[in-house]
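Okay, structure first, notes after.
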2 protein chains.
Amino acid sequence: MPNPANDHALALLVRKLDSIAGLSDKERQAILRLPATTKVLQPKQDIVRDGDRPSRCCLVLEGWACRYKLLSEGRRQILSFHIPGDVPDLQSLHIHSMDHSLCAATKAVVAFIPHDALRDLINRFPNVATVLWRDTLIDAAVFRQWMTGMGRRSAYARMAHLFCEMYLKLEAVSLAGEHRCPLPLTQTDLADALGLTSVHVNRTLKELRGSGLLTLRGSTLVVDRWDELVQAAEFDPTYLHLEQRAAE
Amino acid sequence: MPNPANDHALALLVRKLDSIAGLSDKERQAILRLPATTKVLQPKQDIVRDGDRPSRCCLVLEGWACRYKLLSEGRRQILSFHIPGDVPDLQSLHIHSMDHSLCAATKAVVAFIPHDALRDLINRFPNVATVLWRDTLIDAAVFRQWMTGMGRRSAYARMAHLFCEMYLKLEAVSLAGEHRCPLPLTQTDLADALGLTSVHVNRTLKELRGSGLLTLRGSTLVVDRWDELVQAAEFDPTYLHLEQRAAE
DNA sequence: CGATAGCTTGAGAGAGGTCAAGCCAAGTGG
DNA sequence: CCACTTGGCTTGACCTCTCTCAAGCTATCG
């Protein structure tokens, strides 16, 4: 049964998928009719864990989530950040056991959608399957970009790259603008995402501030010199495929 | 029109997809009837380049291929290695412009399958779409593992991890066994895959040899102590989802 | 039999890590 | 309302893993 809260949640999903590839009215309505239960999460609270075999997907409604892997001696690698509209564990639809964990990076609200319902949706609307597939492929494109950063970019460039990426992703869902966006992450989070230590993140951040490229106060990032930040990062936004719909 | 050479090529694809999720007879036959043209490639020869908008996918038949990104000053990051049976650019079906390049890592033979034919196949057999989707998801799982290595593993562990991974992937298609497999890569290739310099790869390799874990002569890797290699790498093979069919 | 690609090794340098301490703001409880 | 705790930020001193530069070696090939 649809209810107001879910309508809101699923409208966010419709909007995201529509931006990825375009939906028909029937598809839109079918998505809005998906069953969903919402939940409020505290920072660091796990949503699914490495090894789990989930039977539902998670749609981020408010706040940020992140995927991560743990290694021995407390080492952690963050694999991705997710913002409202994202379905970070979409892959669980076809890969049954989790090879990493997913948690709330901040206080967050998420909606859970049963796999059954999604499979049914996909069967009835092959085009929706294509859109979701495409979403997972863009996810992979971001992984490739992060890999390239960790392997071949300096800490400075890598951090600049992450900021460019998050800014554009947020802007695409109207959560950023005028070179200003939320960045509700601790320096430890940044470190685990960039493959650095928090101490070095602190120093690199200082350097970025020092060269006048950006300001980071509280949980707000202000990019003071976008072009220079892009240049320092060797950032090319095509991999995000944000304007795909218009380009088709 | 099917011909003997293509039958061979597509049989390899059938086998790979079948191992991923299981196919019906009709699906098998439809795949075998796909049009394909084969081509012999020299080492380092590009198959598709960053920025291209390909209209066909590439199936590796013999030899190895690799995907990579180039940065300024000749920096290169290898994103993945591909062996016979793999379709390294499957994502091009839904992401129209390449965000990285694909080339032959060794002398290789590949088959090209037009996107049109694949789309038609997918429309007629939704289950095949699921299998292909699943294949791209496993691809992404490998990216996550590589990211984790670059961010949080030492050069030694990272290299050990790569060897474990390649051994199991080759074994799954009967190209390895008895702790012995081909590894037709230069130290520079390894360096670009691991985010290291070739000098350091050389020294790390020496260390791995020195601790008696493996032998690498010519283009053949012999794992002398599998368990210790796995341990050094903190390697857990579940992310490869190799035995999925049996597990379902 | 040069030429070329790949492998090996040494010496020195640098990016980023480790350890440790101090600081600040936001709770929390008495 | 003020100690006290806690999580996160900042900085210094020192260390080390990996890089850079450079040279020599080896095998393959036209």
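Naming convention: chains lettered A, B, ... in sequence-line order (proteins, then strands); numbering from 1 in each chain.
- Residue pairs that meet the side chain to side chain donor-acceptor pair (under 3.5 Å) test with at least one member in residues 217-226 of chain B, sequence neighbours left out, are B/Thr215-B/Asp224.
- A heavy-atom distance below 4.0 Å to DNA chain C is reached by these residues of residues 206-225 of chain B, ordered by number: B/Lys206.
- Between the side chain of A/Gln77 and the backbone N or O of B/Gly149, no donor-acceptor pair lies under 3.5 Å.
- A donor-acceptor contact shorter than 3.5 Å is absent between the side chain of B/Asp52 and the backbone of B/Met98.
- Ionic pairing of A/Arg67 and A/Asp89 is not present here: no N-O contact between side-chain nitrogen and carboxylate oxygen is shorter than 4.0 angstrom.
- Interface residues of residues 68-81 of chain B facing DNA chain C, ordered by number: none; criterion, heavy-atom separation under 4.0 Å.
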Please encode protein proximity along nucleotides 11-24 of chain C as a string of B, S and -, counting only heavy-atom distances under 4.0 Å. B----BSBB-----
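- For B/Lys69, the side chain to side chain donor-acceptor pair (under 3.5 Å) criterion is met by A/Gln145, not counting sequence neighbours.
- For A/Arg203, the side chain to side chain donor-acceptor pair (under 3.5 Å) criterion is met by no residue, not counting sequence neighbours.
- For residues 142-167 of chain A, the salt bridge (charged side-chain N to carboxylate O under 4.0 Å, His left out) pairs, not counting sequence neighbours, are A/Arg144-B/Asp99, A/Arg152-B/Asp192.
- What separates CG of B/Asn202 from C1' of C/dT9 is a distance of 8 Å, to the nearest Å.
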Could you run down the sub-3.5 Å N/O contacts of the protein with nucleotides 24-30 of chain D?
none

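- Every residue two or more places apart in sequence or in another chain was checked for a side chain to side chain donor-acceptor pair (under 3.5 Å) with B/Ser198, and none qualifies.
- Taking atom CG of A/Leu190 as the reference point, atom P of D/dG8 lies 12 Å away to the nearest angstrom.
- Spacing between atom CD of B/Gln187 and atom P of C/dC7 amounts to 4 Å, rounded to whole angstrom units.
- When the side chain to side chain contact (heavy atoms under 4.5 Å, CB included) test is applied to A/Ala155, the partners found at least two apart in sequence or on another chain are A/Leu196, A/His200, A/Thr204.
- For B/Leu70, the side chain to side chain contact (heavy atoms under 4.5 Å, CB included) partners two or more places apart in sequence, or in a different chain, are B/Tyr68, B/Arg76.
- Identified under the side chain to side chain donor-acceptor pair (under 3.5 Å) test for residues 176-186 of chain A, with sequence neighbours left out: A/Thr186-A/Asp189.
- Within a 6.0 Å sphere centred on CD of A/Gln231, heavy atoms belonging to other residues, nucleotides or ligands number 12 at most.
- The closest donor-acceptor contact from the side chain of A/Ser101 to the backbone of A/Asp50 lies under 3.5 Å.
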